[in-house]
Visitor: 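Okay, handing you the structure first.
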Protein chains: 2
Amino acid sequence: MGQNKKFAVILSGCGVYDGAEIHEATMTLYAIVKRGSSYQCYAPDVEQAHVVNHLTGEPTSESRNVLVEAARIARGEIEPLSNLDVAEYDAIIFPGGFGVAKNLSNFAFAGDACTVHGEVEKAVQTAVAQKKSIGALCIAPAIIAKVLGNVNVTIGQDKPTAQAIEAMGATHQKTTHGEVVVDEGFKLYTTPCYMLDASIVDIAEGAHNIVKAMLDDM
Amino acid sequence: MGQNKKFAVILSGCGVYDGAEIHEATMTLYAIVKRGSSYQCYAPDVEQAHVVNHLTGEPTSESRNVLVEAARIARGEIEPLSNLDVAEYDAIIFPGGFGVAKNLSNFAFAGDACTVHGEVEKAVQTAVAQKKSIGALCIAPAIIAKVLGNVNVTIGQDKPTAQAIEAMGATHQKTTHGEVVVDEGFKLYTTPCYMLDASIVDIAEGAHNIVKAMLDDM
């Protein structure tokens, strides 16, 4: 199994409803370090699509920056995604959360007709070109499908999302807690996490399983 | 070892510099569920002392509410601390982060002359009166010391903080990563986490060790 590998972790804010899902992001960082590898966090330096009050679930009139909020998860140790040089890493990995579908893309609003942020698109395409591994948790496989098209992924069991993914040219595989779908051609690894009705222990398991699967193939 | 125990997790916002430390909070929730117990999150419904841009480390002109921001960590499943009935729980536990020293108290600004938020003080005093267990990570032991006085705690090895804790009438024990100090009389458990220069694996270990120690004694 690979050790001392370098992961670029791409965050989309801080909080499930308008940013990166906090448990998925934290468990991804934990899994990477626990398995003897290291990470650097990145996020795009853009305004969030909106800000959601996580107590009420309602949008607010505030505006917040994706990079600045993601820095909360990264304890300040984060760089703008525009600085990412994929060549310096063995893998890139995307925790989930609505931020992926609202800030890294507009999948939450446009479904299979969405567009993906240029820096994210470039990171994914460069990773494929350089034969680096790509990991995507929860809803993140949807934007990988948009960028790459004919990939084999999972987001768990949510039918509308699976249909949107297939409409973008990808194949969706149904999975349950902790399962990882591997697309060997694209070195792409996906796992459902909170796209299922999951506990925090399921999230830890999913994050550990995907990071282990990625490292096992390095 | 205790199982199916109920923990009230008291959060102080969302983000190390002005709220609850995200990794400590997440790992505390994980440790509780992993060991077969359950949690409910609480936070006081008050404005944060200030908002810190976690990218630059500088305060901003924004204002945010502690309960609303803590809801990001709790995925919306959180209640105002004023609703906490300690009798319904086996334990209360405080993850760290500057929010403990800025929002749950003013320890960050006033040191040993600080005051502690009335709802926090009541939760701690009630827990002692009802012989419930109390857990405190990172900087949180400082506010327990303020409320209870003559307790035996650790915040790791930071001298000025240890001195402030002793000035409040408590005894400080030096510890390193993952160690838990137990004050049997008060059923009080403390561990240093990010008060030390720690990795996210150290935080997971600290959170698991403190939850295990609490459950072992139930």
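FYI, side chains are in, hydrogens and waters are out, and symmetry mates aren't considered; it's all heavy atoms of this structure. All chains are named by letter (A, B, ...) in the order of the sequence lines, taking the proteins before the strands, and each is independently numbered beginning at 1.
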Visitor: Quick check: are there more than 12 heavy atoms from other residues, nucleotides or ligands sitting under 6.0 Å from NZ of B:Lys187?
Guide: yes
Visitor: Could you check which of B:Ile203, B:Val16, B:Val68 has the highest count of heavy-atom pairs closer than 4.5 Å to chain A?
Guide: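 Option with the greatest count: B:Val68.
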Visitor: Using a strict threshold of under 4.0 Å (side-chain N to carboxylate O), is an ion pair present between B:Arg75 and A:Glu21?
Guide: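 A salt bridge links A:Glu21 with B:Arg75.
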Visitor: Are A:Tyr30 and A:His208 close enough that their ring centers fall under 6.0 Å?
Guide: yes
Visitor: Would you mind checking which part of A:Asp18 comes under 4.5 Å of any heavy atom in chain B, side chain (CB onward), backbone (N, CA, C, O), both or neither?
Guide: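 Contact with chain B is through the side chain of A:Asp18 alone.
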Visitor: Using a strict threshold of under 4.0 Å (side-chain N to carboxylate O), is an ion pair present between B:Glu119 and B:Lys122?
Guide: no
Visitor: If you count heavy-atom pairs under 4.5 Å between each of A:Glu77, A:Lys34, A:Glu62, A:Glu69 and chain B, which one has the most?
Guide: A:Glu69
Visitor: Which one, B:Leu55, B:Ile32, B:Leu67, B:Thr56, leads in non-hydrogen pairs under 4.5 Å with chain A?
Guide: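 Ranked by heavy-atom pairs under 4.5 Å with chain A, first place is B:Leu55.
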